[in-house]
Amino acid sequence: EAGVAQSPRYKIIEKRQSVAFWCNPISGHATLYWYQQILGQGPKLLIQFQNNGVVDDSQLPKDRFSAERLKGVDSTLKIQPAKLEDSAVYLCASSLSSGRNTEAFFGQGTRLTVV
Amino acid sequence: AQSVTQLGSHVSVSEGALVLLRCNYSSSVPPYLFWYVQYPNQGLQLLLKYTTGATLVKGINGFEAEFKKSETSFHLTKPSAHMSDAAEYFCAVSAYSSASKIIFGSGTRLSIRP
């Protein structure tokens with residue numbers, strides 16, 4: 001079974017530029033998550049999709065971050081414009097459903113460096 | 001609201017020694033608890049989880065954790081450390097809402113001395 005795929009693995013941009021990350025979840029997984037992991041911290045949930053609908057985006061900085069999951073499969077996360085403090089690893093995860101005991105499977109992440 | 005606190009950002013043990021990584025949680029409802037492991041430049045992998053039932057949970061790679069409600073703890077242990085156990089470990093709690101939201105602790109980096 002293929003895992004969660006993310007691209008690119010690494011990205012370096014200058015502040016005020018825009019960037020986009022892509023995630024392909026495990027086939028059949030209805031729930032998709034985007035997490036931000038700043039160095040030395042645990043992952044923080046940015047947004048959660050159930051199929052193509054948003055169920056939680058309470059910690060997404062909506063003035064600069066956006067995400068979509070068209071057709072309920074792949075997802076993209078965009079930052080525009082980027083700030084220095086956005087430097088982090090962006091993790092995508094997916095799970096079969098949104099139940100509390102459902103295991104989330106994580107991709108390898110995209111490491112973003114904003115200079 | 002749910003939260004987790006991991007005591008000790010870095011733990012170092014000798015190969016073959018006991019591994020003990022501490023996690024305390026806060027939850028207004030019965031918690032669902034998880035331990036994840038993250039190897040360098042990798043995503044997170046589930047080690048084990050507690051939902052209901054038996055309070056001693058066994059996971060992969062010889063790890064286990066015990067849910068202690070009276071102490072609000074979910075510490076991770078392994079009887080004998082191996083060099084391959086060196087990684088970052090995250091304790092997490094599943095938030096109680098209509099949709100699951102996993103809240104992670106700040107992590108504990110485990111180093112293994114030869």
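By convention in this document, chain letters (A, B, ...) are assigned in the order of the sequence lines, proteins followed by strands, and residues within each chain are numbered from 1.
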* **From CD1 (I102(B)) to OH (Y33(A)), nearest 0.5 Å** => 5.5 Å
* To do: Sort S58(A) into side chain, backbone, both or neither according to what part of it lies under 4.5 angstrom from a heavy atom of chain B.
  => side chain
* Can you check whether anything in residues 14-21 of chain A gets within less than 4.5 Å of chain B, heavy-atom wise, and list it by number? => none
* To do: Measure Q45(B) against the heavy atoms of chain A and call it side chain, backbone, both or neither at under 4.5 Å.
  => neither
* Transitively linked via ILVMFWY side-chain contacts under 4.5 Å: Y50(B) with Y89(B)? -> yes
* Tell me, yes or no, whether the heavy-atom count around L7(B) atom CG, taken from other residues, nucleotides or ligands under 6.0 Å, exceeds 12. => yes
* Structure fact -> By residue number, those in residues 67-74 of chain A with heavy atoms under 4.5 Å from heavy atoms of chain B are none
* Going only through I, L, V, M, F, W and Y residues with side-chain contacts under 4.5 Å, is there a path from V93(B) to V57(B)? -> yes
* Starting at CZ of F106(A), measure out to OH of Y36(B) and round the result to the nearest 0.5 Å. => 5.0 Å
* Structure fact -> Distance col, row F34(B):CZ vs E103(A):CD, nearest 0.5 angstrom, shows 8.5 Å
* **Hydrophobic cluster identity match, L110(B) and M83(B), side-chain contacts under 4.5 Å** => yes
* Which heavy atom of G43(B) sits nearest a heavy atom of L91(A), and at what distance? -> CA-CD2, 4.3 Å
* Asked: At their closest point, which heavy atom of Q108(A) faces which heavy atom of Q42(B), and how far apart are they?
  -> NE2-OE1, 3.0 Å
* To do: Report yes or no: do I103(B) and F49(A) belong to one cluster of Ile/Leu/Val/Met/Phe/Trp/Tyr joined by side chain heavy-atom distances under 4.5 Å?
  => no
* Which heavy atom in Q37(A) sits nearest to a heavy atom in F90(B), and how many Å separate them? -> NE2-CZ, 3.2 Å
* Might you confirm whether atom CG of L39(A) has over 12 heavy atoms from other residues, nucleotides or ligands at distances under 6.0 Å? => no
* Structure fact -> Greatest number of non-hydrogen atom pairs under 4.5 angstrom with chain B, of Q6(A), Q41(A), K44(A), falls to Q41(A)
* Check whether A104(A) gets within reach of chain B through its side chain, its backbone, both or neither, counting any heavy atom under 4.5 Å. => both
* Asked: Transitively linked via ILVMFWY side-chain contacts under 4.5 Å: V4(A) with W34(A)?
  -> no
